[in-house]
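Here's the structure we're looking at; comments come further down.
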Amino acid sequence: MAIIYFSSLMGMILASLFSKGLYFDHDFQGYHVVIQLLFLLLLIRELLYKENVTTSWYGLFVMSVLYTIPALLYPERIPVIFEGVKRVTSYVSVFIMFIFCFKHTPSLKKYLPHGIHSIGVTLVGHMILVDVGFIHDPFAVSSNDFAGLLEYPNTFGAIMAMLVLFTLIDLQSRSSIHTTSLNILMLLSYSYMLVESGSRGAIVAFSITFLSYLFTIPSKNQIKAILILLLNILFVFIVLWLRAQYGPRVSYAGLVMIPMVFLILWMKDVGNHYLNIEITWPPYLLPSFLIVAIVTFISSVITRAGIFNWLPLTVQNQLVQWFQFDSFYARLTYYHDAFKILSESPWVGLGRGAWQANYQAVQSDSYLSNEIHNGFLTIVLETGWIGFIVMAFVVLSISYSIYQSNRVIHLYLWPMWLIVIHSAIDFNFSYGSIWFLIILLIAPMVSDVLPFRCLSREGNTVSRKTVTIVMFGLAVSYSLFTILY
């Protein structure tokens, strides 16, 4: 049954990409019904077989409660608020079902990298077909930036950046020629798509998470990862040059052929041959040096001095465009206005759609934006500080359980953090597909941990059973309610 659930959920995630990433509520509705029917079947199975595989996770439905509370204060907005309740209920349900899959059949974890790459192949393949003219999709390109199936360049770029980091980390562990070939080919494809998305925020998020990842691995592996990344960047520039000179079709031919050189070098063990030396410096030295170098370079670009003046004029012009801060200042205006709205109900929030319903009444300047461009501030606005604190506590508790159980998996941890970091400057959390992707990255690490310790203690069995019954009732109630509403 776990294999059927895993296959069904992966198929649903891939299908959701073709529904604009489930950004709009009317696209989400059908997926919600399917998710809840699958979840109810899982609950029935656990009752019949008394497996209790996922029982301890039912408490996560408290997040659905947090999104329901604002409906008591704003009954005129109940339909919109309940759309948020449906989304959160579905996210929790999918999370629990993936935990069931990995806990019931641990061998499924070895197929997960292929599942994540299938998401990347779907997005990249669609974008290539659009770019060469085989598919007509006018929304896949926005202001000459690749937006893909999600129809928004920044979120498309964030997923590509996440996949670049995922592939880089996966290449650190030697595996079969098949897996290595796939990783090398996809690394260049993801990187190229990231550059074509024009998302500066995604590149910044990648830089932060990649440097953080370097601090956690040995110095020799740091050098290996940096060399792979630098070689990959060189190949991306070659593909960009091919595109500028000969058009997209030739550039995509290069996207396939160039990795062959990379693969030959890899299989001949060139990197390890030259790195077969004793490295004695501490692991923090190289990442610290890179941080200083990056900060120095950025400072030179902003001040138009130092290294900046040594660069070719075309590169200087491109950097000047990249370091425009207009969008950053606009976001600060959105955040300022969001706190004005929050002052109306700071503790329990205003429910889903609070920003769209209120921003024009409080805006400091004239603008049109259906999003705050900050996923965390959106959560605060919709559930209030109480909701945000409760959710933060749950996340921190789960994180602590992961670290305590030594279940940290770098392959999934750092790509997940990249998406989370980028969500602080954009509205990734508004996409159902993004939440499914985050869940997919978290589930392998938490499938064997217990989030609520009180359920595992010996002693007051009656209390434990009472808590379990309450949480089970909460799960069933919200699942049925959101289907029938």
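Side-chain contact between Leu240 and Glu196 is present, with heavy atoms from C-beta onward closer than 4.5 Å. Here the side chains of Tyr334 and Leu377 are not in contact, with every heavy-atom distance at 4.5 Å or above. Counting heavy atoms from C-beta outward, Ile35 and Met97 have side chains that approach closer than 4.5 Å. Taking 4.5 Å as the limit, every side-chain heavy atom of Thr68 sits out of range of all side-chain heavy atoms of Phe481. For the pair Val80 and Gln356, the minimum side-chain heavy-atom distance is 4.5 Å or more. Side-chain atoms of Met10 and Leu108, non-hydrogen and from C-beta on, never get closer than 4.5 Å to each other. Using a 4.5 Å heavy-atom threshold, the side chains of His422 and Ile425 count as touching. With contacts defined as side-chain heavy-atom distances shorter than 4.5 Å, the pair Met63/Val394 qualifies.
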Would Thr167 and Asn183 count as a side chain to side chain donor-acceptor pair (under 3.5 Å) here? Give the steps.
CA-CA 6 Å; Thr167 309; Asn183 279 332; 4.7 Å; no

Full working for side-chain contact (heavy atoms from CB on, under 4.5 Å) between Asn428 and Ile438
CA-CA 11 Å; Asn428 302 326; Ile438 292 173; over 6 Å; no

Go through the steps to decide whether Ser251 and Trp241 satisfy the test side-chain contact (heavy atoms from CB on, under 4.5 Å), and finish with yes or no.
CA-CA 8 Å; Ser251 70; Trp241 178 81; over 6 Å; no

Just do the side-chain contact (heavy atoms from CB on, under 4.5 Å) check on Leu413 and Ile409 with the steps written out, would you?
CA-CA 6 Å; Leu413 178 69; Ile409 305 174; 6.0 Å; no

Where do Leu168 and Phe206 land on the side-chain contact (heavy atoms from CB on, under 4.5 Å) test, with the steps shown first?
CA-CA 11 Å; Leu168 274 173; Phe206 172 83; 3.9 Å; yes

Please step through side chain to side chain donor-acceptor pair (under 3.5 Å) for the pair Gln36 and Lys86, ending with a clear verdict.
CA-CA 10 Å; Gln36 294 313 310; Lys86 289 179 181 179; over 6 Å; no

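With a 6.0 Å radius and a threshold of 12 heavy atoms from other residues, nucleotides or ligands, Ile3 has its CD1 atom at or below the threshold. The environment of Phe323 atom CZ is dense: over 12 non-hydrogen atoms of other residues, nucleotides or ligands sit within 6.0 angstrom. Annotation for His136: atom NE2 does not count as buried by contact number, only 12 or fewer foreign heavy atoms lying within 6.0 Å. Counting heavy-atom neighbours within 6.0 Å of Trp322 CH2, excluding the residue itself, gives a total above 12. More than 12 heavy atoms of other residues, nucleotides or ligands sit less than 6.0 Å from atom CH2 of Trp355.
Between the CG atom of Leu123 and the CG atom of Leu14 there is a distance of 9.0 Å, given to the nearest 0.5 Å. To the nearest 0.5 Å, the span separating CG on Asn232 from CZ on Phe237 amounts to 11.0 Å. Distance CG/Leu418 to CE/Met162: 8.0 Å, rounded to 0.5 Å. One finds the CG atom of Leu73 at 8.0 Å from the CG atom of Leu350 (value rounded to the nearest 0.5 Å). Atoms NE2 and CG, on His126 and Asp131 in that order, are 11.0 Å from each other to the nearest 0.5 Å. Rounded to the nearest 0.5 Å, atoms CD1 (Ile96) and CZ (Phe98) are 13.0 Å apart.
The backbone N or O of Ala354 lies less than 3.5 Å from a partner atom in the side chain of Asn358, making a donor-acceptor pair. Distance alone, capped at 3.5 Å, is enough to place a donor-acceptor pair between the Tyr5 side chain and the Leu42 backbone. Although no hydrogens or angles enter the test, the distance criterion places a donor-acceptor pair under 3.5 Å between the side chain of Asn374 and the main chain of Ala424. The backbone N or O of Ile4 lies less than 3.5 Å from no partner atom in the side chain of Ser7, so there is not a single donor-acceptor pair. Proximity of a side-chain donor or acceptor of Thr105 to a complementary backbone N or O of Phe102 within less than 3.5 Å is not detected. Between the side chain of Arg352 and the backbone N or O of Tyr67 there is no donor-acceptor pair closer than 3.5 Å. Side-chain atoms of Thr383 do not come within 3.5 Å of backbone N or O of Val380 as any donor-acceptor pair. Between the Trp414 side chain and the Phe210 main chain, no donor and acceptor come within less than 3.5 Å of each other. The backbone N or O of His373 sits less than 3.5 Å from a side-chain atom of Tyr335, completing a donor-acceptor pair. Here the side chain of Ser118 pairs a donor or acceptor atom with the backbone of Gly115 at under 3.5 angstrom.
Between the side chains of Ser364 and Asp337, at least one donor-acceptor pair of N or O atoms lies under 3.5 Å. Using modelled atom types, one finds no donor on one side chain facing an acceptor on the other under 3.5 Å when comparing Thr333 with Asp365.
Between Tyr478 and Phe39, the distance from one ring center to the other does not fall under 6.0 angstrom. Remark: aromatic rings of Phe235 and Tyr192 are distant, center separation not under 6.0 Å. Ring centroids of Phe427 and Tyr152 are separated by less than 6.0 Å, placing the two rings close together. Centroid-to-centroid, the aromatic rings of Tyr359 and Tyr367 come within less than 6.0 Å. The six-membered or imidazole ring of Phe166 lies near that of His117, with a centre-to-centre distance under 6.0 Å. Two rings, from Phe139 and Tyr23, have their centers 6.0 Å or more apart.
For the side chain to side chain donor-acceptor pair (under 3.5 Å) test with Tyr31, the passing option among Ser19, Ser16, Ser433 is Ser19; the others fail. Considering Leu440, Val124, Leu163 as possible partners of Ile119, the one that fulfils the side-chain contact (heavy atoms from CB on, under 4.5 Å) test is Leu440.
Contact detail for Ser197 and Pro153: the closest heavy-atom pair is O-CB, 3.5 Å. In terms of heavy-atom proximity, Gln324 sits nearest to Arg200 at O-NH1, 2.7 Å. Scanning all heavy atoms of the two residues, the minimum distance from Ile81 to Gly351 falls at CG1-CA, 4.0 Å. Summarising the geometry of Asp27 relative to Leu22, their closest heavy-atom pair is O-CD2, 3.7 Å, with the distance given to 0.1 Å. Across Leu150 and Gly21, no two heavy atoms sit closer than the pair CD2-CA, 3.6 Å. In this structure, Phe82 and Ala71 approach most closely via the heavy-atom pair CE1-CB, 3.8 Å.
Ring-plane geometry between Phe28 and Phe436 is classed as parallel, the angle between the planes falling under 30 degrees on a 0 to 90 degree scale with a further cut at 60. The aromatic rings of Trp57 and Phe95 stand perpendicular to each other, their planes meeting at an angle above 60°, with 30° marking the opposite boundary.
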